[in-house]
Amino acid sequence: MVVWTDQERAFIQDIFSKLNYEDAGPKALQRVLIVYPWTQRYFGGFGNLYSAEAIKSNPMVAAHGIVVLHGLDKAMKNMDDIKNAYADLSVLHSEKLHVDPDNFRLLADCLTIVIAATMGSSFTASVQAAWQKFIAVVVSALSRQYH
Amino acid sequence: MSLTAKDKAFVKAFWGKISGQADAIGQEALGRMLIVYPQTKIYFSGWTDFSLDSPQVKKHGKTVMSAITDAVGKMDDLIGGMSSLSDLHATKFRIDPVNFKILSHNILVTLAVHFPTDFTAEVHVAVDKFLAAVSAALADKYR
C-alpha cells in the first residue's frame with residue numbers, strides 16, 4: 001500500500017481543487033499527440049490529426065481530453081487504494097483498447113507539463129514530488145492488469 | 001528520431017528567448033531533480049546542501065545548462081561536438097544514462113513553469129528531441 005504524508009495529500013487535493021478540466025484535459029491530450037506522435041495510433045477515428053494546428057482545433061481530441069482527465073478523479077478520491085480503484089479501467093485499456101502501457105507514462109509527463117505551466121511557481125519542487133508520486137501510482141495501477 | 005531543420009529552428013528560437021535566464025533554469029531544473037528523484041543525489045555524495053538555493057546546486061546547475069546552451073550551437077554534429085564531454089561522463093562520472101532523461105524532464109518542467117506561453121506543444125517536441133539527442137551524444141562513449 002502506498003503511504004501518503006499529510007502534506008502530500010494536501011498538495012494533491014490542492015492541485016485538483018484548482019484544476020480546470022476543460023482547459024487542462026484538452027491541453028494534455030493535444031500535447032501527447034503532438035510531442036509523441038505515435039500515440040495517434042489509438043485515435044484513428046478522430047479525424048484530422050495531421051498537424052499540430054489540426055490536433056489543437058480537433059473537437060474530438062478536446063472532448064476526450066476532458067474524459068481522460070476526469071479519470072484521475074477516481075485516484076484522488078481513493079488515494080489509499082488506487083491499485084484496486086483502477087482494476088477495471090486497467091482491464092479495459094488492456095483487453096479492449098489495447099493501449100501500450102508506456103503511453104500512460106507519456107500522457108502523465110505531458111499532464112505534468114500542463115499543470116506546471118498553469119500553476120507556475122506555485123508548482124514547487126515539493127508539490128512536483130507529490131504530484132509525480134501520485135501520477136506514478138496511477139500509471140502503475142493502470143498497467144497492473146495487463147497480462 | 002533525428003533533429004529536423006524545423007526542430008533546430010524551434011530550439012534556436014526558443015533558446016534565444018530563454019538564454020538570459022539559462023543559469024537560473026539550470027539551477028532550478030537540477031534542484032527539482034534532486035528533490036523529486038532523490039536517487040540522483042548519489043552522484044553528489046560530497047555535497048552538504050541539496051536545497052534549491054544551495055550554492056552547490058546553483059553552481060552545478062549553471063555548469064550543466066551552459067553545456068546544453070553550447071550544444072544548441074552544435075546541433076548539426078552533437079556526437080562530434082560533445083565528444084570530450086562524453087569521454088568525461090563515460091570514464092570519470094559514469095552517470096547511468098537513465099538520469100539524462102530524468103534531468104531532461106525536469107528541464108522541461110522548469111521551462112513550462114517560467115515560459116508557459118512560449119513553451120507550446122510544438123516547442124516542447126523540438127526541445128524534447130534536442131535534449132534526447134544531447135543525452136545520446138553524452139552517452140556515446142559509454143561502451
Side-chain angles (χ1 to χ4, degrees), chain A residues 5 7-8 11 15 20 23-24 26-40 49-58 61-62 65 102 105-136 139, chain B residues 1 4 6-7 9-11 14 18 21 24-41 49-54 57-58 61 98 101-132:
Chain A
T5 64
Q7 189 187 64
E8 285 168 339
F11 281 152
I15 290 173
N20 180 350
D23 179 61
K27 278 182 178 163
L29 188 59
Q30 288 157 11
R31 208 165 267 255
V32 82
L33 294 169
I34 292 167
V35 179
Y36 306 105
W38 53 94
T39 57
Q40 293 167 24
L49 300 177
Y50 302 130
S51 66
E53 294 75 31
I55 290 168
K56 286 196 270 195
S57 53
N58 186 310
V61 171
D102 197 57
R105 182 184 59 83
L106 300 180
L107 179 58
D109 282 350
C110 285
L111 181 55
T112 302
I113 298 286
V114 167
I115 287 174
T118 313
M119 290 180 67
S121 317
S122 61
F123 192 65
T124 63
S126 309
V127 171
Q128 181 187 346
W131 171 257
Q132 298 220 207
K133 178 176 166 178
F134 171 78
I135 206 79
V139 165
Chain B
M1 295 192 251
T4 63
K6 185 171 150 192
D7 293 325
F10 268 105
V11 169
F14 184 69
I18 72 167
Q21 296 182 51
I25 291 166
Q27 175 184 1
E28 187 175 326
L30 187 68
R32 280 181 186 270
M33 181 187 78
L34 295 165
I35 291 169
V36 181
Y37 300 88
Q39 71 274 16
T40 57
K41 291 189 291 185
D49 185 356
F50 290 98
S51 61
L52 265 151
D53 48 19
S54 114
V57 172
K58 183 174 179 180
V98 72
K101 264 197 217 226
I102 293 176
L103 180 60
S104 297
H105 170 71
N106 284 285
I107 291 172
L108 296 179
V109 168
T110 305
L111 293 175
V113 164
H114 293 286
F115 301 92
T117 346
D118 291 309
F119 194 61
T120 60
E122 293 95 314
V123 170
H124 178 166
V125 61
V127 174
D128 193 38
K129 285 177 75 176
F130 166 64
L131 292 175

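To find a chain, count down the sequence lines: A is the first, B the second, and so on, and within it residues start at 1. Small disclaimer: the values here were computed from a predicted structure and weren't measured.
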Using modelled atom types only, decide if a donor and an acceptor are shared between the side chain of D7(B) and the backbone of T4(B) within a distance under 3.5 Å.
yes

Between K27(A) and chain B, which part of the residue has a heavy atom less than 4.5 Å away: side chain, backbone, both or neither?
neither

Return a table of donor-acceptor pairs under 3.5 angstrom between the side chains of residues 111-119 of chain B and protein atoms on other chains or two or more places apart.
from    : atom 1 : to     : atom 2 : distance (Å)
H114(B) : NE2    : E28(B) : OE1    : 2.6
H114(B) : NE2    : E28(B) : OE2    : 3.4
D118(B) : OD1    : K17(B) : NZ     : 3.4

Residue pair H124(B) / R31(A): nearest heavy atoms and the distance that separates them
ND1-NH1, 2.9 Å

Got a donor-acceptor contact below 3.5 angstrom from the S54(B) side chain to the F50(B) backbone?
no

If you count heavy-atom pairs under 4.5 Å between each of P38(B), G31(B), A121(B) and chain A, which one has the most?
A121(B)

Which bit of L52(B) comes within less than 4.5 Å of chain A, counting heavy atoms only: side chain, backbone, both or neither?
side chain

Does any pair with a residue in residues 122-134 of chain A pass side-chain hydrogen bond (donor to acceptor under 3.5 Å, both in side chains), and if so which ones, sequence neighbours excluded?
E8(A)-K133(A), T112(A)-W131(A), Q128(A)-Q132(A), Q128(A)-R32(B), Q128(A)-N106(B), Q132(A)-Y37(B), Q132(A)-H105(B)

Under 4.5 Å from any heavy atom of chain A - which part of M33(B):
neither

Sort out for me which of T118(A), I34(A), I113(A), V32(A) touches chain B most, counting heavy-atom pairs under 4.5 Å.
I113(A)

